[in-house]
Structures are given as C-alpha cells and as structure tokens.
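To start, the structure under review is shown below, and the notes come after it.
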Amino acid sequence: MLFDVTGKHGAIVYSSNGLLIVICDHGRWLVPPGTFLVLGRQVEYRLTMATHVKHKSINLASGFNYVRCFDNVYKMTPLMQELFVSLEKMGSSLQANTHNILLSDLLNNSQPWSGPSDLGFLERPKDQRVSLICNYVQNNLDSPRTLREWANKLNYDTRTLHRLFVSEFGMPFVKWRQQVRILAALKWLNEGRTVLDVALDLGYQ
C-alpha cells in the first residue's frame with residue numbers, strides 16, 4: 001500500500017494492533033505495537049502489514065520544528081497514546097499550538113525503541129559474494145551455516161567476508177542473520193503463527 005506524507009515537516013506513523021514495515025526512499029523501519037515512527041520529510045512511503053492491522057498517521061503542521069526526533073522509532077507512553085487519540089479526533093493533523101508544544105515536549109523525553117527498527121540490513125549488498133550469502137540465508141532462515149563455512153565454500157578468507165559484511169551493513173554476519181531472523185519472527189507472529197512453529201522454521205531447537 002502507498003501513502004503520501006503531507007505537510008513539509010513529515011508525519012508520525014504507528015499502529016495499536018499490529019506490526020508495520022515502513023519503506024521510503026531514505027530508509028526502512030520496523031514499527032511494532034507500542035512504538036511510533038516520526039518521518040521528517042515530505043515523501044511517499046509504503047507499508048507492509050497483515051490485513052487486520054490498522055495503520056494510523058498524524059501529519060505534522062508547519063509550526064512543528066522539533067528536528068532531532070525525525071526518522072526514528074520511539075517507545076509509546078500512555079501520555080503519548082492519549083495525545084495521539086486527541087489528535088485523531090482533530091482529523092489526524094497537528095493544528096493547535098498547545099498540542100504542538102505538548103508533542104514537542106513528549107518527544108524530547110521519548111526513549112528510542114531498542115529493537116531492530118532500522119531495516120538497512122535488508123538493502124541489497126553491492127558485493128556479489130555478500131549478495132550470494134544474503135540471498136541464501138533469506139531463503140533458508142533455518143540454515144546453521146557459519147561464516148567460516150561460507151568462506152570455505154566460496155574459497156575466500158573468513159576475515160575478508162567479515163570485513164565485507166561490516167562494510168555493507170555496519171554489522172558482522174552473525175548479527176545480520178539475527179536481525180533477519182528477528183524480522184521474520186515478528187512478521188510470522190503478527191500473522192498468528194505459534195511460537196513453536198516460528199522457532200522451528202528459524203532453526204531453533
């Protein structure tokens with residue numbers, strides 16, 4: 001699904017009942033229930049979500065100038081949730097100055113979500129060797145193959161592959177694979193699959 005973010009200062013995107021994956025030209029984010037994403041540019045963004053999930057957004061008016069919070073995912077607090085409900089009743093647009101000030105104050109004290117919100121690890125790698133490994137892992141999430149085993153298979157030095165993964169994604173292979181598995185687990189659990197089924201499909205015994 002394609003949505004337009006109106007207002008030159010962006011929007012707040014969230015859902016109260018399911019997982020959102022938000023994709024636009026300058027980033028990708030995972031937004032689970034209990035969190036919200038602040039987009040700071042006037043862009044088109046795409047959402048991936050289960051059919052039962054309800055997407056909600058609040059457009060930021062021109063008077064909103066809190067820049068530091070943009071393009072990040074934050075924990076939802078009860079007070080923030082109440083403010084969002086109030087803004088929804090106003091037509092999902094930040095108009096009133098009092099709401100503007102309150103939102104800025106709440107964002108100033110908001111805690112970034114510590115989960116895997118930045119989906120940069122899903123970007124297509126430039127190096128063909130890394131791309132080969134990534135394609136295999138994404139299609140075989142239960143594979144236990146280590147980076148050393150990949151190095152032997154491809155006839156490359158393990159340290160070289162390690163450096164390539166860090167260069168492409170800013171993280172080593174094991175961390176990258178963990179992030180891919182976590183994302184798959186969150187999506188499958190959000191679709192109603194059992195924890196046991198998800199764990200087995202990800203290679204956990």
Side-chain angles (χ1 to χ4, degrees), residues 1 13-37 39 45-56 71-76 111-205:
M1 284 177 279
V13 182
Y14 65 102
S15 174
S16 60
N17 72 329
L19 178 72
L20 301 177
I21 298 177
V22 182
I23 302 173
C24 65
D25 289 341
H26 64 278
R28 302 180 181 190
W29 297 272
L30 186 69
V31 187
T35 71
F36 61 93
L37 167 66
L39 287 174
Y45 64 93
R46 285 178 170 82
L47 290 179
T48 299
M49 55 190 177
T51 55
H52 71 278
V53 175
K54 296 180 180 179
H55 152 251
K56 299 182 180 181
D71 298 338
N72 205 348
V73 179
Y74 295 88
K75 297 177 183 178
M76 182 81 75
Q111 297 295 319
W113 184 50
S114 59
S117 59
D118 184 354
L119 300 186
F121 59 89
L122 293 182
E123 299 289 346
R124 181 181 297 276
K126 298 177 182 178
D127 188 272
Q128 292 184 349
R129 294 161 291 184
V130 176
S131 180
L132 175 67
I133 297 172
C134 292
N135 288 337
Y136 181 86
V137 171
Q138 289 173 326
N139 289 298
N140 301 273
L141 291 172
D142 59 343
S143 172
R145 188 177 294 174
T146 66
L147 192 63
R148 181 181 297 275
E149 290 172 328
W150 274 111
N152 292 335
K153 180 178 178 63
L154 300 176
N155 197 27
Y156 284 109
D157 183 71
T158 304
R159 291 173 295 181
T160 298
L161 290 182
H162 171 79
R163 286 195 297 268
L164 287 172
F165 261 90
V166 173
S167 175
E168 292 278 2
F169 303 113
M171 65 183 76
F173 168 73
V174 173
K175 180 68 173 180
W176 176 87
R177 184 175 61 185
Q178 180 189 56
Q179 298 286 53
V180 172
R181 286 175 170 175
I182 288 174
L183 177 58
L186 288 170
K187 291 176 64 177
W188 292 341
L189 291 170
N190 187 57
E191 292 168 359
R193 296 183 59 182
T194 67
V195 173
L196 178 60
D197 285 344
V198 170
L200 292 176
D201 284 348
L202 291 178
Y204 295 105
Q205 300 303 316

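Any value given below was found using the heavy atoms of this structure, including those in side chains, with hydrogens, waters and symmetry copies removed.
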Practice prompt. Spell out, as yes or no, whether a donor-acceptor pair under 3.5 Å connects the side chain of N72 to the backbone of P112.
Written response: no
Discussion item. Any side-chain to backbone donor/acceptor pair from S15 onto K54? Under 3.5 Å, distance only.
Written reply: yes
Find the distance between [atom1] ([X]) and [atom2] ([Y]) and round it off to the nearest 0.5 Å.
X: F173; Y: T146; atom1: CZ; atom2: OG1; result: 7.5 Å
X: R163; Y: T158; atom1: CZ; atom2: OG1; result: 10.5 Å
X: T35; Y: K75; atom1: OG1; atom2: NZ; result: 11.0 Å
X: D157; Y: R148; atom1: CG; atom2: CZ; result: 9.0 Å
X: L183; Y: Q138; atom1: CG; atom2: CD; result: 9.5 Å

Within the structure provided, determine whether [X] and [Y] are in side-chain contact (heavy-atom separation under 4.5 Å).
X: L37; Y: L20; answer: no
X: Y204; Y: R181; answer: yes
X: Y156; Y: L164; answer: no
X: W176; Y: P125; answer: no
X: V166; Y: H162; answer: yes

Item to complete: In sequence, state the C-alpha distance, the side-chain angles, and the governing distance for L141 and D201, and then conclude on side chain to side chain contact (heavy atoms under 4.5 Å, CB included).
Response: CA-CA 7 Å; L141 291 172; D201 284 348; over 6 Å; no
Discussion item. Would V13 and L39 count as a side chain to side chain contact (heavy atoms under 4.5 Å, CB included) here? Give the steps.
Written reply: CA-CA 8 Å; V13 182; L39 287 174; 4.2 Å; yes
Item to complete: Verify side chain to side chain contact (heavy atoms under 4.5 Å, CB included) between L19 and L30, making sure each step is shown before the conclusion.
Response: CA-CA 7 Å; L19 178 72; L30 186 69; 3.3 Å; yes
Fill in: Working for side chain to side chain contact (heavy atoms under 4.5 Å, CB included), residues L161 and I133
CA-CA 10 Å; L161 290 182; I133 297 172; 4.2 Å; yes
Worksheet item: Pick one: which of W113, Y14, F36 meets ring-ring contact (aromatic ring centres under 6.0 Å, His included) with Y74?
Response: F36
Item to complete: Taking salt bridge (Lys or Arg N to Asp or Glu O under 4.0 Å) as the test, write out the residues that go with R129, two or more places apart.
Response: D127
Practice prompt. Could you pull out all residues at least two apart from R145 that satisfy side chain to side chain contact (heavy atoms under 4.5 Å, CB included)?
Written response: Y136, S143, E149, W150, K153
Practice prompt. Check F165 against P172 and note the closest heavy-atom contact, atom names and distance.
Written response: CB-C, 4.3 Å
